[in-house]
Engineer: 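The following block contains the structure, expressed as C-alpha cells.
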Amino acid sequence: MKTENTAPAGESLNFIEEIIEADLAAGKYQSVLTRFPPEPNGYLHIGHSKSICLNFGLAQKYGGKTNLRFDDTNPVTEDTEYVDSILEDVRWLGFEPANIFFASDYFDQLYDWAEELIMKGRAYVDFSTPEEVAAQKGTPTTPGTPNKYRETSPEENLDIFRRMRAGEFPDGHCTLRAKIDLASPNMHMRDPYLYRIKHAHHHRTGDKWCIYPMYDWAHGQSDSIENITHSICTLEFIPHRELYEWCIDSLGIFPSRQYEFARLNLTYTVMSKRKLKQLVEEGHVRAWDDPRMPTIAGMRRRGFTPESMRDFATRIGIAKRENLIELSLLEFCIREDLNKRALRRFAVLNPMKVVITNFPEGQTEWMETENNPEDPEAGKRPLPFSRELWIEQDDFMENPPPKYFRLSPGGMVRLKSAFIIRCDETVKDAGGNVTALRCTYFPESRSGQDTSGLKVQGVIHWLSAEHAKTAEVRLYDRLFRVEDPAAEEDFKSAINPDSLEVISKAFVEPALMEAGTGDRFQFTRLGYFCVDPDSGSTGMVFNRTVTLKDTWAKEQKK
RNA sequence: UGGGCCAUGGUGUAAUGGUAACACAGCAGAUUUUGGUUCUGUUAUUCAGGGUUCGAGUCCUUGUGGCCCAACCA
C-alpha cells in the first residue's frame, strides 16, 4: 500500500488547451468550436486520427462542438469514395460531427468575396504563365517584381473575372491573384493565387463552376463562416497563417484563428497520403484498408480498437516539436486494451503431431479452460482431449538451449488446462526431420486436480487433432525495414518483403468457426487476432493484430 | 546566404523563476497452468557559451543544430 502523499498536481495542459482556457477566461468566446477539415482525396491515417482526437477532444473537454468539413476545392483529385470512407472512419473512432459541411457549400459566398476584393483593388487577374509568375515572385532572399496586370483597374478586373467564371477561357489561361506584397519575406504573401480555371466536374457542385478557389482563399473564410474559434492545423501551415488572417481582415468577417501543432510520425511507417496512395496503386499492398497500412481503415481491419487509438492519441501528446513515435507505444496501447477484453482461444499455427501412447484410441476426455483470466465474468469453455494432438513446432526442440522450458526428448511439459506429458520418442522422416512426437501422459496430473507431484516449468497450448478445424491466418510485420522510410532516397526500396506471411492451413478451436467479422481474440501464447472480412464459405480468415510480448524470443536473440 | 517554427533520458510528453517528473522502450527480480498479465526495483534527460537572479529547463543575449516556405495541391 502506498502512503506517499503527493501534492494534488494541477492537470497539465497542452499549449492549445492553454490558449483556449486563456481565451475563455478573457471572455473572447462563449464556447469552443473546432473543425476537422480533410480533403477527400485519400483515406484517413493514424496521423489524421491524432488530429481528430485533438479537435473533437478539445470540444468535448470545453463543452463545445466540432464540425467535419470536407476541403473539396480541387475537383480533379477528389472523390465521393473518399468522402464516405472519411465519415465512416471518424464515426468508428467514436466521434459524431456537430455538422457535416463542404468547402464547396461556400463557393457562392467565396466568389462574392472575391468580387468584393477586386473592387477594393486588392485582387487582379493575371495572364502570366506559371513560370512567369514564379520568376516574378523572386526568391526568399530577393523581392519579386510586379507585372503589368497588377495595375489593371478594378472595373476591368471584375469584367475579366466574371468572364473567367462564365467559362470564356480555357484551363490555365489566367488566374485571380491577391494584391499584397511582392517584397514580403513570407513567400505566401507575394500575391498568392486565389482562383484558377479548371473545367472539371466537381463531386458535389457538378459542372456549375469552371473556376475553383485555392486553399488559402477557401479555408479561413470557411472557418469564419462556421464561426470556428480555434482552427487547428499542422506545422507546415504556419507560413499560411499571415495570409489566413489577411483574408479574414480584408473582408472584415468573424476572426477565426489558426494554431499549429506537430504532425504524427511513426517509426517503420510512412504517413503521407501521396506515399500511401502510391503503395496502393502500385500494388505493394492490397488496398487502402490492407491491414499493414497505417490508415484507419487498415488498422480497423488489422484489429485495432477505437479505444486503443484514442488512448494512443492522448499518450503521444500535442506539441510543436517534430517527433517520431516508436511503434512499440502503439503496440502497447492495443495490447493493454485487448488483454482485458479479448477472449482466449487455442490455435496452432505451425503444427507438430503428438501421439499420447497411453491414451486410448477413439476416446475423448473433456477439459475446461478459462475464456479470459483477466475477466472471471468471461466464464469457461470445454476443450476436447484425445490421443492425437497438435502442438506448435516452436514448442519442441530436439537439442534445446539452456532455460528452454518447453518439450524436448525425455522432457516434460504441461498441456495448458490438461495434463503433463513426457516426450518418449521422436518420429523422423527420411531427411531426419522430426515429424511427430510419441508421448506419455500422466492421468493424475489433470489440471485443477493434480496429485501427480510432478513439477514442470513449461506450459504449452495444444489442440485435439480429431476436433481441430482449419483456418487461414495472416501474419503481419512492419511494412518497412527502416525506422524512417520517408527519409530514404526512395522509400519503396525500404519496403519489408516479409510484411505478410499467410498460413493457409492453421488449426483452431471449433468454437472459432462461429466468430463474426471483426471479432477479436487472443490466441493463447501467440497474440491477438481478429476475423477478416474475407472469411466466408471457403473458410475463416484471421489477421494477427499484434503478437504477445515475447521475452523468450528476446532472450534468444541475445 | 530572406523569413518562420523548434530544441528536456533511447522515444514522447510534463515541470508556467524554487527538489527535473510521467509513460513507452531497456535492464534486473518476484508472481504466474499464457516465457502473457500483474508487481517491485533500476539505468538514463534540460543543445552550447555568456548574462540577469539568493535561485534558471524556464527570463535576456550570442551561437549551433533540425524542420518548414518560392504548386494554377491541401
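In the text below, chain A, chain B and the rest are named by the order of the sequence lines, each starting its count at 1. Here the structure is a predicted model, which means the values were calculated and not measured.
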Engineer: Quick one: label A:Leu415 by what it contacts on the DNA or RNA (base, sugar-phosphate, nothing), any heavy atom closer than 4.0 Å.
Structural biologist: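 No contact.
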Engineer: Ignoring backbone atoms, establish whether A:Thr73 has a side-chain N or O less than 4.0 Å from OP1 or OP2 of B:A74.
Structural biologist: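 So the side-chain polar atoms of A:Thr73 do come within 4.0 Å of the phosphate oxygens OP1 or OP2 of B:A74, strictly under.
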Engineer: What does A:Ser184 touch in the nucleic acid at a heavy-atom separation under 4.0 angstrom: a base, only the sugar-phosphate, or nothing?
Structural biologist: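 Here A:Ser184 touches no strand at all.
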Engineer: Counting only distance, no hydrogens or angles, is the base of B:G36 paired donor-acceptor with the side chain of A:Glu374 under 3.5 Å?
Structural biologist: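 A donor-acceptor contact between them is present.
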Engineer: Once you apply a heavy-atom cut-off of 4.0 Å, does A:Lys273 come out as touching a base, just sugar-phosphate, or nothing?
Structural biologist: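 Nothing: the residue A:Lys273, judged by heavy atoms under 4.0 Å, touches no strand.
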Engineer: So that I can tick it off, tell me whether A:Arg446 and A:Asp450 are bridged by a salt bridge, with the cut-off set at under 4.0 angstrom between side-chain N and carboxylate O.
Structural biologist: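 Answer for the salt bridge query: no.
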Engineer: Would you mind classifying the nucleic acid contact of A:Asn186 as base, sugar-phosphate or nothing, using non-hydrogen atoms under 4.0 angstrom?
Structural biologist: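 Result for A:Asn186 = nothing.
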Engineer: Under 4.0 Å, heavy atoms only, any strand: does A:Leu526 hit a base, just the sugar-phosphate, or nothing?
Structural biologist: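 Answer is nothing: A:Leu526 stays at 4.0 Å or more from every strand.
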Engineer: Should the side chain of A:Arg406 and the base of B:G35 be counted as holding a donor-acceptor pair, with the cut-off at 3.5 Å?
Structural biologist: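 Result: at least one qualifying N/O pair found.
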Engineer: Is any side-chain N or O of A:Lys554 closer than 4.0 Å to OP1 or OP2 of B:G26?
Structural biologist: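 So the side-chain polar atoms of A:Lys554 do come within 4.0 Å of the phosphate oxygens OP1 or OP2 of B:G26, strictly under.
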Engineer: So which one's nearest nucleotide on RNA chain B is more toward 5', A:Tyr404 or A:Thr139?
Structural biologist: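 So the residue in question is A:Tyr404.
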Engineer: Whether the side chain of A:Glu326 and the base of B:G10 hold a donor-acceptor pair under 3.5 Å is what I'd like checked.
Structural biologist: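 Pair found.
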Engineer: Hey, which of these two, A:Gln449 or A:Tyr215, hits RNA chain B nearer its 5' end, going by closest nucleotide?
Structural biologist: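 Taking each residue's closest nucleotide, the earlier one in sequence belongs to A:Gln449.
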Engineer: Between B:G35, B:G4, B:U34, which nucleotide has the shortest distance from any of its atoms to the side chain of A:Trp552?
Structural biologist: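 Out of B:G35, B:G4, B:U34, the nucleotide with an atom closest to A:Trp552's side chain is B:G35.
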Engineer: Parallel, tilted or perpendicular, judged at 30° and 60°: which one describes the rings of A:Trp552 and A:Phe405?
Structural biologist: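 A:Trp552 vs A:Phe405 ring planes: parallel.
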Engineer: Restricting to non-hydrogen atoms, name the atom on A:Gly303 and the atom on A:Ile334 that form the minimum distance, rounded to 0.1 Å.
Structural biologist: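 Taking every non-hydrogen atom into account, O-CD1, 4.1 Å.
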Engineer: Is A:His240 side chain donor-acceptor paired with the B:A74 base, going by distance under 3.5 Å alone?
Structural biologist: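 Result: at least one qualifying N/O pair found.
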Engineer: Per the atom types in the model, does the base of B:U37 pair as donor or acceptor with the side chain of A:Arg335 at under 3.5 Å?
Structural biologist: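 Between B:U37 and A:Arg335, which were checked side chain against base, a qualifying N/O pair under 3.5 Å is absent.
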Engineer: Taking the C1' atom of each, how far is B:A56 from B:G17, in whole Å?
Structural biologist: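 These two C1' atoms come out 7 Å apart once rounded.
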Engineer: Once you measure the plane-to-plane angle for A:Tyr82 and A:Trp288, does it fall in the parallel (<30°), tilted (30-60°) or perpendicular (>60°) bin?
Structural biologist: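 Correct class here is perpendicular.
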Engineer: Looking only at non-hydrogen atoms, find the nearest pair between A:Thr267 and A:Leu327 and report the distance.
Structural biologist: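 Smallest heavy-atom distance, with atoms named: OG1-N, 2.9 Å.
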